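I have placed the structure first, in the form of structure tokens, so that the comments after it can refer back to it.
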Amino acid sequence: MTFDNQYVQQRIEKANQLREVGIDPYANNSNRNTTIEKYHNVNSDLMQKEDKRDEHRHYTVAGRIKLFRLMGKASFLKIEDESGMLQIYVARDNLPENFYNDIFKKLIEVGDIIEVTGYPFVTQQGELSLHAHELTLLTKAISPLPEKFHGLQDKEMRYRQRYLDLIMNSEVRKTFHIRSKVVSLTRRFFEDKGFLEVETPMMHPIAGGANAKPFLTHHNALGVDRFLRIAPELYLKRLIVGGFEAVFEINRNFRNEGMDATHNPEFTSIEFYWAFKTYKDLIVLTKEYFDYLFDHLNLPKRLPYGELEIDFDQFTEIELIKSLTTIGGVPENIVNDKQGILDYLKSHNLETKPAMNLGQLQGELFDEFVEGKLINPTFITHYPVEISPLARRNDERPELTDRFELFIAGREIANAFSELNDPVDQLERFEGQMAAKDSGDDEAHEMDEDFVTALSYGMAPTAGQGIGIDRLVMMLTNQHSIRDVLLFPAMKPIQHNQLNNGEEE
RNA sequence: GUCCCGUUAGCUCAGCUGGUAGAGCAUUUCACUUUUAAUGAAGGGGUCGAUGGUUCGAAUCCAUCACGGGACACCA
């Protein structure tokens, strides 16, 4: 790490010059007494008044200089704090002797964080501003900011140096404010319903609760390998066995899979489990949850998503098998015919494995022909049992499960079901997954004997659900890459010494 | 993992079929006391992602690598 860039050197020199005249370029304290947003709120009355200034009001605001317009003996600055942007008017004769010429003009610049005291006034152009009579440098920025008009465009830099992205792009700050609110509202919604927030292990001896490849790490003291969790499900259900009747956990899951616009190796979900309820209760709860979010976020129910418009007042519900024909256009006579599906998929140039069972093939059909078409919120219900190793069988049709997934804008947002609580059935399903694993399916579910033991003590009838928070935030903020709703998305490290390559491995 | 595209000044971007690099903003110097991406004038600033190759000559053509973006595959 060096500061040998010419512009950085110039600014370091300015910091040194400030020190020489007794100004600390990294001041220890601030006397700010209002935020910029409050300043605007309190003083906007001047816009309507005859006298466009009020010298009896005094405020001290602080912020980063984003624009600097110097016009001889007076200047206009725009400073920004988290709450907003404010124009500052600085005139030579209102500041201490020589401060304007020797300090302000020469040693303070865009990017620096300053504090300004003055009174409110409205400029001839009609902008509420602050007339400065005191100006203090709080923090010297020695790296220059990106260009003022286009901002920071380079995606790689935006993700790697998110702080710069946040400085330059206010809409990015807005996205992450919404994300924070979504998490907070989610927590409040479930707490208000009587759910208990719990924390279960992130390091698992068995990576269970989903079909995915885990990250592997090692615990030195115990001398054992541990997996970063792919889902908290099996632990949360153990808590239901233990007698907690409504629990939720909001936290990270880790999956060692490919990365793309909707997948990051670590992602956030909420999982919740509710005893004495069924998946049908969860459909009602999910709608209520969305209403709650929209209400508290002050969002309209019809939201743009790229070219699409999503109507969050239009939740529909359809069984998976039925959606294959009505939405997917798959011929009705083949949806329950293994060979028929194989032929159909083949005729659409889609890869198939002959070892796939009927349920898996129906899942394939759904993924290919239905999923992408589900724009408005849609609950797809009654998944085949073969692709639902942890879900309760439907009482009338045991080849199906009491399960739904919620799709919005062609993407899976939530997965929920009445939980399988028959320990013998659960054991058999695990054994089925083991067989699938032996025959090459490396994402088949792991056997978790302790979980089966837990069920053997009796788990009340329970419904459980997971919601992908990142994808939900994408929907709500009209973002099309998961990286744009993650403050620090996963990135490959930069190789600094490229001369060394070829010598490794 | 695979395929396609990209990487040029601090930032945003030009740079055609190969002839030793340009603009705007920023920066430096000067002028300017109500500007709105302020304005006017002058100057400085580059290992053209890296390494090889082709060529008299490479930002430009070729190969390999690195990083990023998009699509596909897998997953959520």
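Atom set for the values below is all heavy atoms of this structure, side chains included, hydrogens, waters and symmetry mates excluded. Values in this document were obtained by computation on a predicted structure and should not be read as measured data. Naming convention: chains lettered A, B, ... in sequence-line order (proteins, then strands); numbering from 1 in each chain.
Comparing A91(A) and F267(A) by the nucleotide of RNA chain B that holds the closest heavy atom to each, the one mapping nearer the 5' end is A91(A). Comparing Q87(A) and E266(A), the nucleotide of RNA chain B nearest to each residue sits closer to the 5' end for Q87(A).
At a threshold of 4.0 angstrom between heavy atoms, the contacts of R53(A) include nucleobase atoms, whether or not backbone atoms are also involved. Residue contacts for Q125(A): at a heavy-atom cut-off of 4.0 Å it reaches a base atom on one of the strands shown. Residue N211(A) is classed as a sugar-phosphate contact, given heavy-atom separations below 4.0 Å to backbone atoms only. No engagement by G466(A) is indicated, since no non-hydrogen atom pair under 4.0 Å with the nucleic acid exists. Y159(A) comes within 4.0 angstrom of the backbone, heavy atoms only, and of no base. No engagement by K213(A) is indicated, since no non-hydrogen atom pair under 4.0 Å with the nucleic acid exists. Using a 4.0 Å heavy-atom criterion, one finds that G468(A) contacts no nucleic acid atom at all. As judged by a 4.0 angstrom heavy-atom cut-off over every strand, L70(A) is placed among the base-contacting residues. As judged by a 4.0 angstrom heavy-atom cut-off over every strand, M168(A) is placed among residues making no nucleic acid contact. Using a 4.0 Å heavy-atom cutoff across all strands shown, N264(A) reaches at least one base atom of the nucleic acid.
Across all strands shown, C32(B) forms no Watson-Crick or G-U wobble pair with both distances under 3.5 Å. When both pairing distances are held under 3.5 Å, C72(B) makes a Watson-Crick or G-U pair with G1(B). The base-pairing partner of C48(B), taking Watson-Crick or G-U wobble contacts with both distances under 3.5 Å, does not exist among the strands shown. The partner of C61(B), taking Watson-Crick or G-U wobble pairs whose two distances both stay under 3.5 Å, is G53(B). Base pairing annotation: C16(B) forms no Watson-Crick or G-U wobble pair, as no partner gives both donor-acceptor distances under 3.5 Å. Pairing for C25(B) is with G10(B), a Watson-Crick or G-U wobble pair whose two hydrogen-bonding atom distances lie under 3.5 Å.
Using a 4.5 Å heavy-atom threshold, the side chains of I103(A) and L18(A) count as touching. Between L365(A) and D367(A) there is no side-chain heavy-atom pair separated by less than 4.5 Å. At a threshold of 4.5 Å between non-hydrogen side-chain atoms, the residues Y59(A) and N43(A) count as touching. With a 4.5 Å cut-off on side-chain heavy atoms, L476(A) and L472(A) count as touching. Looking at R158(A) and V172(A), their side chains come closer than 4.5 Å, going by heavy atoms from C-beta outward. Using a 4.5 Å heavy-atom threshold, the side chains of P377(A) and T316(A) count as separate.
Residues R179(A) and D470(A) are paired through a salt bridge, judged by an N-O separation under 4.0 Å between the basic side chain and the carboxylate. In this structure, R392(A) does not pair ionically with E419(A), as no charged nitrogen and carboxylate oxygen lie closer than 4.0 Å. Of the charged side-chain nitrogens involved, at least one lies within less than 4.0 Å of a carboxylate oxygen, so that E109(A) and K14(A) count as a salt-bridged pair. Electrostatic pairing of D81(A) and R64(A) does not count as a salt bridge here, judged by no charged N lying under 4.0 Å from a carboxylate O. Using a 4.0 Å cut-off between a side-chain N of Lys or Arg and a carboxylate O of Asp or Glu, E249(A) and R229(A) qualify as a salt bridge.
A distance of about 16 Å separates the P atoms of C62(B) and U54(B), rounded to the whole Å. A21(B) sits 23 Å from C25(B) when the P atoms are compared, rounded to a whole Å. Rounded to a whole angstrom, the distance from the P atom of G24(B) to that of A14(B) is 16 Å. Rounded to whole Å, the P atom of U60(B) lies 12 Å from the corresponding atom of U51(B). Across G68(B) and G49(B), the matching C1' atoms stand 11 Å from one another, rounded to whole Å. Rounded to a whole angstrom, the distance from the P atom of U7(B) to that of U17(B) is 15 Å. Rounded to a whole angstrom, the distance from the P atom of C3(B) to that of U64(B) is 10 Å. With both ends at atom C1', the span from G40(B) to G45(B) equals 22 Å, rounded to whole Å.
With sequence neighbours excluded, the residues forming a side chain to side chain contact (heavy atoms under 4.5 Å, CB included) with E127(A) are K78(A), Q87(A), T123(A), S129(A), listed by chain and number.
In terms of polar N and O atoms assigned as donor or acceptor, the side chain of E127(A) comes within less than 3.5 Å of the base of U36(B) in a complementary pairing. Interface remark: the D260(A) side chain does form a donor-acceptor pair with the A73(B) base, using a distance-only criterion of under 3.5 Å. Side-chain atoms of Y89(A) and base atoms of U35(B) include no donor and acceptor less than 3.5 Å apart. Contact of S75(A) with U33(B) (side chain to base): no donor-acceptor pair of N or O atoms is detected under 3.5 Å.
If you measure from atom CG of N101(A) to atom C1' of A31(B), you get 13 Å, rounded to the nearest angstrom. The distance from atom CD of E156(A) to atom P of C5(B) is 19 Å, rounded to the nearest whole Å. The CZ-C1' distance, from R92(A) to U35(B), rounds to 18 Å in whole Å. Taking atom NZ of residue K155(A) and atom P of nucleotide C13(B), one finds them 12 Å apart after rounding to whole Å. E368(A) has its CD atom 13 Å from the C1' atom of C74(B), to the nearest Å. Rounded to an integer number of Å, the gap from CE of M259(A) to P of A76(B) is 17 Å. The nearest whole Å value for the distance from the NZ atom in K66(A) to the C1' atom in U35(B) is 18 Å.
Dashed line: the shortest gap from a side-chain N or O of R411(A) to OP1 or OP2 of A76(B) is not under 4.0 Å. Contact annotation: R160(A) does not reach the phosphate of C67(B) (side-chain N/O to OP1 or OP2, under 4.0 Å).
Side chain of L152(A), nearest nucleotide from G70(B), U12(B), G45(B): U12(B). When distances run from any side-chain atom of F76(A) to the nucleotides U34(B), U33(B), C11(B), the shortest one goes to U34(B). Considering only side-chain atoms of R69(A), the nucleotide from G69(B), A38(B), A71(B) that sits closest is A38(B).
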What one-letter contact string describes nucleotides 22-27 of chain B from 5' to 3', where B marks a base within less than 4.0 Å of any protein heavy atom, S marks contact via sugar-phosphate atoms alone, and - marks no contact? --BBBS
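Checked options Y279(A), F417(A), F404(A); the residue passing with F379(A) is F404(A) (criterion: ring-ring contact (aromatic ring centres under 6.0 Å, His included)). For the side-chain contact (heavy atoms from CB on, under 4.5 Å) criterion with F369(A), the lone passing option out of L350(A), I327(A), L324(A) is L350(A).
A heavy-atom distance below 4.0 Å to RNA chain B is reached by none of the residues of residues 383-392 of chain A.
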